[in-house]
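Everything numeric here is computed off the predicted structure, so don't read it as measured data. Numbers restart at 1 for each chain; the letters A, B, ... are given by sequence-line order, proteins then strands.
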Protein chains: 2
Amino acid sequence: MSDETIQLMEKALHDNGFRLTAARRAIVAMLSRTGGHVSADELADLVRTEAPGVGRMTVYRTLDLLHELELVRPVYQGTGAAHYVLMEDGHHHHLVCSTCDRVIEFDDCVLEEVEKVVGQRFNFEVKGHLLEFYGRCQECQT
Amino acid sequence: MSDETIQLMEKALHDNGFRLTAARRAIVAMLSRTGGHVSADELADLVRTEAPGVGRMTVYRTLDLLHELELVRPVYQGTGAAHYVLMEDGHHHHLVCSTCDRVIEFDDCVLEEVEKVVGQRFNFEVKGHLLEFYGRCQECQT
DNA sequence: CTCTGTGCAAAGGATTTGCACTACG
DNA sequence: CGTAGTGCAAATCCTTTGCACAGAG
């Protein structure tokens, strides 16, 4: 499934006329490996463990590109670095541990209704959503 | 009503053991005058037109303080400066326009229940959540 | 070959930190 | 008076930009 994500992203890049460079491959691969929810900087460091030549800026630019292609989404949670999450697998959400940063996925989606109501009230054409709970995971509660 | 906001904030500061300094008065007054939705920097500049001695840092620190007292809330809209809004209502979420990046707030919160269920299932101590809908706002639909 | 994409370094903006000074209570 | 609060400047953190070079198509 990680592989599928890679395929999907590489295809999207190609189909939109962007070149499939080594750096982009490495970034996309690492991104799908993490399952998302990393900052650009963290991702850059991760990518470098496997592809040392890749520069920080390339990571920023690639994330930007993936955002334009709606494959990835930045989440701003405070004053620190933006985190990027994968958008491609529509319905699943995250439990993010504040202590260890572990990300647990779940797919209990009761939002269609809210989505509809909110969309109508604001005349907003809803295309997707992001739901995350923050707190402490089992291991970190001790 | 602007005055009420000032009263409320000054009282909250006092009641929590914080000193009511000239700088804080000026900041709170200007904040309530703007009705919220300014960045720390903008607010600092505004405050300075009336109380030239006030430093930028004091504004940052005061906003932080007001945030702790739950009187004000930062809104992060991308990579730029955080905006602070007056907190009249507890829960609120975002509609983020993919086209113009406009952020619309709404406060329809049906998540308490989901929060509880999910928390129990994963033995995850939920402390907060983030819900955002993505799509196109009214103006961008044409 | 051509032009997109890359990497470096340096700039840029927003926020935080360290420290001596001021003034609230 | 003592301590919380202040202001300045410098530091830091995240991100963007400018430019010459490299490599995908």
Approximate separation, where rounding is to 0.5 Å, of A:D45 CG and A:M30 CE: 10.5 Å
Please give, in whole Å, the distance from C:dA14 P to B:H83 NE2? 10 Å
Side-chain ion pair, B:E50 and B:R33, N-O less than 4.0 Å: yes
Where is the tightest heavy-atom contact between A:L69 and A:F18, given as atom of each residue plus distance? CD2-CE1, 4.3 Å
Taking side chain as C-beta onward, heavy atoms only, is B:R24 less than 4.5 Å from B:T58? no
So what is the end-to-end bend of the helix from C:dC1-D:dG25 to C:dG25-D:dC1, with 5 pairs used at each end and the value given to 10 degrees? 40°
Are any non-hydrogen side-chain atoms of B:T5 and B:L31 less than 4.5 angstrom apart? no
Rounded to the nearest 0.5 angstrom, the OG1-CZ distance for B:T21 and B:R25 is 8.0 Å
If you count every heavy atom of other residues, nucleotides or ligands that lies below 6.0 Å from A:H14 atom NE2, does the total exceed 12? no
Work out which heavy atom in A:R48 is nearest to a heavy atom in A:V54; give both atom names and the distance. CD-O, 3.0 Å
Does anything in residues 10-22 of chain A come within less than 4.0 Å of DNA chain D? Heavy atoms only, and list the residues if so. A:R19, A:L20
How long is the line joining CG of B:L63 and P of D:dT6, in whole Å? 12 Å
For B:S32 and B:I6 the tightest heavy-atom approach is OG-CG1, 3.2 Å
B:L66, B:Y76: one ILVMFWY side-chain cluster at the under-4.5 Å cut-off? no
Let me have a per-nucleotide readout for nucleotides 7-16 of chain D, 5' to 3', with B, S or -, counting only protein heavy atoms under 4.0 Å. BBB----SBB
